[in-house]
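Pasting in a structure now, in structure tokens, and then I'll have a few things to ask.
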Protein chains: 4
Amino acid sequence: MEFRIEPSSRVPIYRQLADQIRGAIATGQLAWDERLPSVRELSRTLVVNPNTIARVYLELEREGILNTRPGLGVFVARPHHELTKRARRDRLTRRVDGLLTEAVHLGFTSAEVAELLAERATRFQWEQSGP
Amino acid sequence: MEFRIEPSSRVPIYRQLADQIRGAIATGQLAWDERLPSVRELSRTLVVNPNTIARVYLELEREGILNTRPGLGVFVARPHHELTKRARRDRLTRRVDGLLTEAVHLGFTSAEVAELLAERATRFQWEQSGP
Amino acid sequence: MEFRIEPSSRVPIYRQLADQIRGAIATGQLAWDERLPSVRELSRTLVVNPNTIARVYLELEREGILNTRPGLGVFVARPHHELTKRARRDRLTRRVDGLLTEAVHLGFTSAEVAELLAERATRFQWEQSGP
Amino acid sequence: MEFRIEPSSRVPIYRQLADQIRGAIATGQLAWDERLPSVRELSRTLVVNPNTIARVYLELEREGILNTRPGLGVFVARPHHELTKRARRDRLTRRVDGLLTEAVHLGFTSAEVAELLAERATRFQWEQSGP
DNA sequence: GTGGTCTAGACCACC
DNA sequence: GTGGTCTAGACCACG
């Protein structure tokens, strides 16, 4: 698993990295219990301050999607959905509305957005809708 | 048309307001050529510094969705899509991927996301796909 | 690279500076990835408020010709042309017509304008017309 | 001769109109000694404050390209080039450099700029380079 | 150290 | 009245 930082972006490095790790887990490129590179190792690879890497790992651990085992390293945890259904839906709705707003301004039709979403969705790993 | 600011949010005021205005235009709550509140008026209403309002209006004007007529006020412009198809699609794809990543972490299925998108999309004003 | 501000000019400081930076990049005096003076440094050098400098950098970043790496500084970005061919040509045509109007009023002949343009053009760095 | 105002432009109305009149004279659409619409007439046509029209006429009269004959109206005067050759060339050079800077950023080649200039120049009325 | 955000208040241009 | 520009100075995020 390789991470890349785009310094030319306005997005802070720590958030770029956090988003990539979240995305990698969401798409299955990083499996549960898989070990992530150490802080020092990733710091050297990305030419980024070690503090920045440590901060990202800490933040993701607080979110419950990473797990530090002292002396062993940092591992992918199975995300447990702690929020209420209502809270989770609200959060997603806000994000959907932001997407739709930008889509309108970019001149897309609603069908084009739905199509693009369906296409990209195939790259992600979804939970099974239980029997 | 009413705007609301959440000062306790970590999102900067200017971005909260900009997002609301973009959204209001995309959903048709603000029509083309409609006049927005003056800088000073909105500044009083929201209890926000006039410079912050002016900054939002300037940013949206540079994006081409507002236009200023000095001495008269600020108005909603019809967006003209100056960006290349490639640039517009890239921008939307980035946003879609962000949405899908969050959806996975929140424990939604891909069908649920598609459904939510379809539902919210009805609130927006889309371009006609010309005959 | 040195910048100069003419405070007595009717042209706003922020635009004087923005024009100089755009020009410096177009002529190659500022190279891609080159670092610009920090906001505070340039503020001291030009005896101009830091906010004014920051505003210029922000504007040029939105135009895509600068990019900011928080904590590191501001750098020259390689411009990527996101605009459609139509939009770019319209913009240039408007500028050409303005130039020609002024040239006529100043009493130049069209040959003189073409000659001056050719002469000045040698100072700028042009894209290669692909093979 | 018809004038048009673009309120969606950031350019002040008075300057839009002044530029159009200068341009119309430069291209020969307005001939020497031709009468312009009265302040009130143009004010009604463009739906613009009469003060704004009056201001434009006054400014152009100061530049020496219009001529007011009380009781009769406003007429096109023959522009007399009062500036020194050096001053006129400096002014044009600044404008040419601005054009070239924008052209580079828009991704044009120098040949394309020269071609566009030549094409647009045919619409303007140039002084004869008299023997 | 770097830039980002916000406030307060001044003065000017435009209508 | 409107917005545009600039200054001064505070506090925060980022590396």
Side-chain angles (χ1 to χ4, degrees), chain A residues 5 7 9-17 43 46-56 59, chain B residues 5 7 9-18 35-43 46-59 61 66-75, chain C residues 5 7 9-18 35-43 46-59 61 66-75, chain D residues 5 7 10-18 43 46-56 59:
Chain A
I5 291 304
S9 162
R10 308 250 8 263
V11 179
I13 291 175
Y14 85 97
R15 201 181 311 169
Q16 289 186 48
L17 182 55
S43 156
L46 300 179
V47 196
V48 157
N49 192 302
N51 290 334
T52 305
I53 310 290
R55 171 178 180 176
V56 170
E59 178 169 330
Chain B
I5 289 304
S9 160
R10 306 230 7 258
V11 180
I13 292 176
Y14 85 96
R15 204 178 310 168
Q16 290 185 46
L17 181 55
R35 188 176 175 278
L36 279 87
S38 79
V39 169
R40 289 168 168 90
E41 182 186 343
L42 196 49
S43 156
L46 301 179
V47 195
V48 158
N49 189 292
N51 285 336
T52 304
I53 310 290
R55 172 180 179 175
V56 171
Y57 282 179
L58 179 64
E59 175 167 336
E61 178 159 16
L66 291 186
N67 66 58
T68 296
R69 310 180 201 173
L72 293 179
V74 176
F75 299 79
Chain C
I5 290 304
S9 160
R10 305 232 4 261
V11 180
I13 292 175
Y14 85 95
R15 203 179 308 171
Q16 290 185 46
L17 181 56
R35 186 175 177 280
L36 279 86
S38 79
V39 169
R40 290 167 168 91
E41 183 186 342
L42 196 49
S43 155
L46 300 178
V47 195
V48 159
N49 189 293
N51 285 335
T52 304
I53 311 290
R55 173 179 180 175
V56 170
Y57 282 178
L58 179 63
E59 175 166 337
E61 179 160 15
L66 292 187
N67 66 58
T68 296
R69 309 180 202 173
L72 293 180
V74 176
F75 299 79
Chain D
I5 290 304
R10 307 248 9 262
V11 180
I13 291 176
Y14 85 96
R15 201 181 312 169
Q16 288 186 46
L17 182 56
S43 156
L46 300 179
V47 194
V48 158
N49 192 303
N51 290 334
T52 305
I53 310 290
R55 173 180 177 172
V56 171
E59 177 169 331

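Each chain gets a letter, A, B and so on, in the order its sequence line appears, and its residues count up from 1.
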* For C:N49, does its backbone N or O pair with a side-chain atom of C:S43 as donor and acceptor, under 3.5 Å? -> no
* Asked: Within the distance-only criterion (no hydrogens, no angle test), does the side chain of C:E59 pair as donor or acceptor with the backbone N or O of C:A18 below 3.5 angstrom?
  -> no
* Atom CG of C:L72 and atom P of F:dA13: how far apart are they, to the nearest Å? -> 18 Å
* Pairwise 5' ranking along DNA chain E for C:V39 and B:N49, keeping only the more 5' one -> C:V39
* **Residue C:I13, side-chain heavy atoms: nucleotide from F:dG4, F:dT7, E:dT2 that is nearest** => F:dT7
* To do: Specify the separation, in whole Å, of atom CG of B:L58 and atom C1' of F:dC6.
  => 14 Å
* Structure fact -> Here the distance between atom P of F:dT5 and atom CD1 of B:I53, to the nearest Å, is 17 Å
* Asked: Between F:dG15 atom P and C:F75 atom CZ, what is the distance in whole Å?
  -> 13 Å
* Asked: Between CD1 of A:I13 and CG of C:L72, what distance do you get to the nearest 0.5 Å?
  -> 6.5 Å
* Asked: Taking only N and O in the side chain of A:Y14, is any of them less than 4.0 Å away from OP1 or OP2 of F:dC14?
  -> yes
* **Watson-Crick or G-U wobble mate for E:dT7, both contacts under 3.5 Å** => F:dA8
* Structure fact -> Ranking C:P50 and B:Y57 by the position along DNA chain F of their nearest nucleotide, the one closer to 5' is B:Y57
* Hey, does the side-chain of C:N51 have a donor or acceptor N/O within less than 3.5 Å of a partner on the base of F:dG9? -> yes
* Considering just the side-chain nitrogens and oxygens of C:R55, establish if one lies under 4.0 Å of OP1 or OP2 belonging to F:dT5. => yes
* Would you say B:T52 reaches E:dT7's phosphate, i.e. side-chain N/O to OP1/OP2 under 4.0 Å? -> yes
* **Between F:dG3 (P) and B:L66 (CG): distance, integer Å** => 12 Å
* Asked: Closer than 4.0 Å, any side-chain N/O of B:R69 to the OP1 or OP2 of E:dC15?
  -> no
* Asked: Hey, which of these two, B:L36 or C:R40, hits DNA chain F nearer its 5' end, going by closest nucleotide?
  -> B:L36
* Asked: Going from CG on B:N51 to CG on B:L58, what distance comes out if it is rounded to the nearest 0.5 angstrom?
  -> 11.5 Å
* Structure fact -> Taken to the nearest 0.5 Å, the spacing of B:T68 OG1 from B:Y57 OH works out to 9.0 Å
* Asked: Between atom CD in B:E59 and atom P in E:dG4, what is the gap in whole Å?
  -> 12 Å
* **Below 4.0 Å: OP1/OP2 of E:dG4 and any side-chain N or O of B:R15** => no
* **Distance, rounded to the nearest Å, where C:N67 contributes CG and E:dT2 contributes P** => 17 Å
* To do: Would you give the length of the straight line joining atom CD1 of B:I53 to atom CG of B:L46, rounded to the nearest 0.5 angstrom?
  => 5.0 Å
* D:L46 CG - E:dC15 C1' separation (whole Å) -> 15 Å
* To do: Could you pick out which residue, C:R10 or C:R35, lies toward the 5' side of DNA chain E when each is mapped onto its nearest nucleotide?
  => C:R35
* Contact class for C:V48 (heavy atom, under 4.0 Å): base, sugar-phosphate, or nothing? -> sugar-phosphate
* Whom does F:dC14 pair with, Watson-Crick or G-U wobble, provided both distances fall under 3.5 Å? -> E:dG1
* Using a cut-off of strictly less than 4.0 Å, decide whether C:S38 has a side-chain nitrogen or oxygen near OP1 or OP2 of E:dT2. => yes
